[in-house]
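Worksheet: the structure to be examined is printed underneath.
The sequence lines fix the lettering, A, B, ..., with proteins before strands; numbering per chain opens at 1.
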2 protein chains.
Amino acid sequence: MQKCIKCNSVDGVIRSGFLRGKQRFFCKLCNFHFILENENAKLPQKANQATIVDLAKHLGIAASTVSRALNGKADISPFTRQAVMQAAIDLDYRPNLLAQSLNKGKTNTIGVVIPNVELPFFATALASMQQVAIDTGYRIMVCHSSESQSVEKLNIETLIACRVDGLLVSHSKETTSFEHIEHVLAKSIPIVHFDRVCNEIDTPKVIHEDFKGSFDLVEHLIVQGCQKIGVMLGPEKFYISQIRLEGYKAALQKYGIEVDEKYIYYSEMNKNDGSKAFEYFINMQQPPDGVFAMLSRNAIEMMVEAKKRQVKIPEEMAFVGFGDDILCELFEPSLTVFNHFPNKVGEAAINLLIENINSKNTPNTTTQSVRGELIVRASSINIFVKH
Amino acid sequence: MQKCIKCNSVDGVIRSGFLRGKQRFFCKLCNFHFILENENAKLPQKANQATIVDLAKHLGIAASTVSRALNGKADISPFTRQAVMQAAIDLDYRPNLLAQSLNKGKTNTIGVVIPNVELPFFATALASMQQVAIDTGYRIMVCHSSESQSVEKLNIETLIACRVDGLLVSHSKETTSFEHIEHVLAKSIPIVHFDRVCNEIDTPKVIHEDFKGSFDLVEHLIVQGCQKIGVMLGPEKFYISQIRLEGYKAALQKYGIEVDEKYIYYSEMNKNDGSKAFEYFINMQQPPDGVFAMLSRNAIEMMVEAKKRQVKIPEEMAFVGFGDDILCELFEPSLTVFNHFPNKVGEAAINLLIENINSKNTPNTTTQSVRGELIVRASSINIFVKH
DNA sequence: ACGCTTATCACAAACGTTTCTGATAGTTGG
DNA sequence: CCAACTATCAGAAACGTTTGTGATAAGCGT
């Protein structure tokens, strides 16, 4: 039979059911239940991270005393405090943030959900968030939705499971339902939307001047002499698409230009949608003489295509885009853009979130708008030459 | 005096020293110590997150039973399991990863330290790491050193405090001492270096073909007819600088070209160092007819400057850079680069780390090199036209 | 019928902190 | 000298899990 792992006797050992799928034994002699561990299982593994208890044992005092000494509380004699500090150095003690967070019910961690770090906007926004976080004693946990609604949902689940103190969310392009956000609100976990916000729920938001930026860009095209202005957007259901379209329409309206649906091109914001859009526009009976792209990246893709086909920029077709970028500046011709200052958006968002975390009772649900700036470049000026 | 907060009597209350800096009282009647809380302190705050204990109470069973049911362990009757599952849904239970990690001694989180997400290389590498992490059940916690050694050190401290299961580190440009890494090793926390590795310590590393890439680029320039080749590097102490310089030298040597120190330009990798480098090269008595930049971004900055001064590219001066980028492709002239596949580097690094986490006894300290690829573009071809 | 066996569950300890409560020795003042 | 008071510390509880150990009712075979 089986030897008892406690008294080593063999005679008294009988089977005793199963525990978690493994055969269990019972030793009648020493009255002990046990299961056989596969011996390679786990060595004592004595984590070589010193704990508060280790310090306490080392000094022969109570763990609570060590804790208070380390945290600079009052009830500690200078002598004891000094000894604790020294021991902490000697044993290379590092506090376990997990235990600390579990105990305090606060993690000092902020969860960020973005569609894709590879988009310069998000990279920059993220970097500025990180900076603010460090300065204010927070940590940041980033998740990429990879532009997928289901992954986004999963990300938020994970961050909640990690008990982040708050969430900074920018939606994926395919996110159209927002139960997962309602859910966060129901648990009264502070959340701030930024950039790709959700208009259906009343959350604090930080956006850029989507309307004004689009308006300014299109107005600029009109002033430069463009009369048939195309617009390339993201998905039709996408909130940002809608707002930026409104800015486009408003500008046309101001100058008495009728809105023609044919000049509105929706895309899925994939890699080469710019070329497709250009293809569409150039094959129209009356191709536009100016194009506003919701993403400056798309404007550049279109310009690449235009150059391939010897379409003169800006004389035959001018381009403007939303969002600045080193590429916009260095591409030839350089692209006229509305700079929406990703760093400021990032800062504003995390500051608003931290404010809401600290004053939990009165969640500030204002929508902040970061002021942008029109940057006029070669892709849209001196058009008048053609006339 | 003070009313006792327990028995409400006033008579028996006397002072009793200080606790954490606040006056303490003692009630002789009910034998109770207390301090006065500022009433706005903390409402019960009953976190509205259901716990396992809540489920257990709700069902009238033991918490351990709930735990086993949720985790699909064996010792649970189908009926109980079903009830627990339903209760979990009803009460919207979410496991507390903090408690779970604390208990298991494993966080399933990987810490990543990078100098700057705004560099496309790191953004891409990070994105691919995230993907692998999700697929393998890990989470990622990212920290930016912002190219500062002290911040990098702090980052690693933080990640250790969070008890990440392992570290992925790419050093800041100013990191020259590596005690903080020794320290990580001393605690036998798995670590993998990538890209900007540290050659002084024996850690697992994932690099790209720094030597071969540089060699190929410079050889390409030579084959195209360049004879005086400048090289723009990062800081002199920077490991990557050294390796890439070696590749440069080896290529020159192969073709019998003498290495001239004057053609080696070190930079601090700041924003506009490319212009400065160009300034330096163009003002030499014998300006180079080809320049290899350690960062393609720098090559482009140089080309911008070259274009401003009407220097013909590539006829008068050819350019090549290390690392591909959409900018390299779309800039005019497009830049010849050695593509080092940031996504593959990211994947390889995290895979190696996870492997090391799982087999803790035998840390795999091999250095993996991700195969790169020379991409020849306009900035360096057809030079022969000039001869 | 009785011992072996199973299925199922409760209970307690543990993870590493923080904080509340209890306790002691010393100090002060009338 | 004694009550009131202070300074300082120990011990226990709590945070939310997981897992080892103890326990009970029921099934099975001889």
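Asn103(A) has no side-chain polar atom (N or O) that falls below the 4.0 Å cut-off from OP1 or OP2 of dT19(C). Between Ser77(B) and dC9(C) there is a side-chain polar atom (N or O) within less than 4.0 angstrom of OP1 or OP2. Contact annotation: Gln100(B) side-chain N/O to dT18(D) OP1/OP2 distance is under 4.0 Å. For dA10(C), one of the phosphate oxygens OP1 or OP2 lies less than 4.0 angstrom from a side-chain nitrogen or oxygen of Thr65(B). Remark: Asn71(A) is in phosphate contact with dT18(C), judged by side-chain N or O atoms under 4.0 Å from OP1 or OP2. Residue Ser67(A) has a polar side-chain atom (N or O) positioned under 4.0 Å from OP1 or OP2 of dT18(C). Contact annotation: Lys104(B) side-chain N/O to dC15(C) OP1/OP2 distance is not under 4.0 Å. Side-chain N/O atoms of Thr80(A) include one lying less than 4.0 angstrom from OP1 or OP2 on dC9(D).
When heavy atoms are screened at a 4.0 angstrom cut-off, Ile61(B) is found touching the sugar-phosphate backbone but no base atom. Contacts of Arg81(A) with the nucleic acid, taken as non-hydrogen atoms under 4.0 Å apart, are absent. Nucleic acid contact for Phe79(A): none, since no nucleic acid atom lies under 4.0 Å from a heavy atom of the residue. If you check every strand for non-hydrogen atoms under 4.0 Å, Leu98(B) touches nothing. Backbone-only contact: Ile52(B) has heavy atoms under 4.0 Å from sugar-phosphate atoms and none from a base. Residue Leu97(B) is classed as having no contact, given no heavy-atom separation below 4.0 Å to the nucleic acid.
Both Leu102(B) and Ser64(B) lie close to DNA chain D; mapped to their nearest nucleotides by heavy-atom distance, the more 5′-ward contact belongs to Leu102(B). Where Val66(B) and Pro95(A) each meet DNA chain C at their nearest nucleotide, the meeting point lying more 5' is that of Val66(B).
For the pair Arg68(B) CZ and dG16(D) P, the interatomic distance rounds to 20 Å; values are reported in whole Å. Between the CG atom of Leu70(B) and the P atom of dT18(D) there is a distance of 8 Å, rounded to whole Å. Rounded to a whole Å, the CG atom of Leu55(B) is 11 Å from the P atom of dT18(D). Residue Lys106(A) contributes atom NZ, which lies 13 Å from atom P of dT19(C) at whole-angstrom precision. One atom, CG of Leu59(A), and another, C1' of dT8(D), lie 15 Å apart when rounded to the nearest Å. The nearest whole Å value for the distance from the NZ atom in Lys73(B) to the P atom in dT18(D) is 7 Å. Protein atom CZ of Phe26(A) is 14 Å distant from nucleotide atom P of dG3(C), rounded to whole Å. Atom-to-atom, CG of Asp165(B) to C1' of dC15(C) comes out at 15 Å; the value is rounded to the nearest Å.
Every side chain to side chain donor-acceptor pair (under 3.5 Å) that Thr80(A) has, sequence neighbours left out, goes to Ser77(A). By the ring-ring contact (aromatic ring centres under 6.0 Å, His included) test, His193(B) pairs with His171(B), sequence neighbours left out.
Among the nucleotides dT17(D), dT17(C), dC9(D), the one closest to any side-chain atom of Arg163(A) is dT17(D).
Between its opening and closing five pairs, the helix from dA1(C)-dT30(D) to dG30(C)-dC1(D) changes axis direction by 50°, a value rounded to 10 degrees.
With contacts defined as side-chain heavy-atom distances shorter than 4.5 Å, the pair Tyr138(A)/Ile357(A) qualifies. Residues His144(A) and Val151(A) are not in side-chain contact: their nearest non-hydrogen atoms beyond the backbone lie 4.5 Å or more apart.
Under the side chain to side chain contact (heavy atoms under 4.5 Å, CB included) test applied with Arg139(A), the options Thr158(B), Asn155(B), Val142(B) reduce to a single match, Thr158(B).
Among residues at least two apart or in separate chains, side-chain hydrogen bond (donor to acceptor under 3.5 Å, both in side chains) pairs with a member in residues 161-170 of chain B are Thr107(B)-Asp165(B).
Remark: Lys57(A) NZ is loosely packed, at most 12 non-hydrogen atoms of other residues, nucleotides or ligands lying under 6.0 Å away. Residue-environment remark: NE2 (His58(B)) stays at or below the threshold of 12 foreign heavy atoms within 6.0 Å.
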Decide yes or no on side-chain hydrogen bond (donor to acceptor under 3.5 Å, both in side chains) for Ser172(A) and Gln149(A), but give the supporting numbers first. CA-CA 6 Å; Ser172(A) 87; Gln149(A) 165 157 3; 5.9 Å; no
Intermediate values then yes/no, side-chain hydrogen bond (donor to acceptor under 3.5 Å, both in side chains), Ser150(A) and Ser148(A): CA-CA 6 Å; Ser150(A) 60; Ser148(A) 146; 3.1 Å; yes
Ignoring hydrogens and angles, write down the donor-acceptor pairs under 3.5 Å from the side chains of residues 81-89 of chain A, residues two or more places apart or on other chains.
from: Arg81(A); atom 1: NH1; to: Ala69(A); atom 2: O; distance (Å): 3.2
from: Arg81(A); atom 1: NH2; to: Lys73(A); atom 2: O; distance (Å): 2.8
from: Gln86(A); atom 1: NE2; to: Asp90(A); atom 2: OD1; distance (Å): 3.0

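For dG22(C), the base has a donor-acceptor partner in the side chain of Arg24(B) [N/O atoms by modelled type, under 3.5 angstrom].
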Pairs under 3.5 angstrom, nitrogen or oxygen only, protein versus nucleotides 1-4 of chain D, please.
from: dA4(D); atom 1: OP2; to: Lys28(B); atom 2: NZ; distance (Å): 3.3

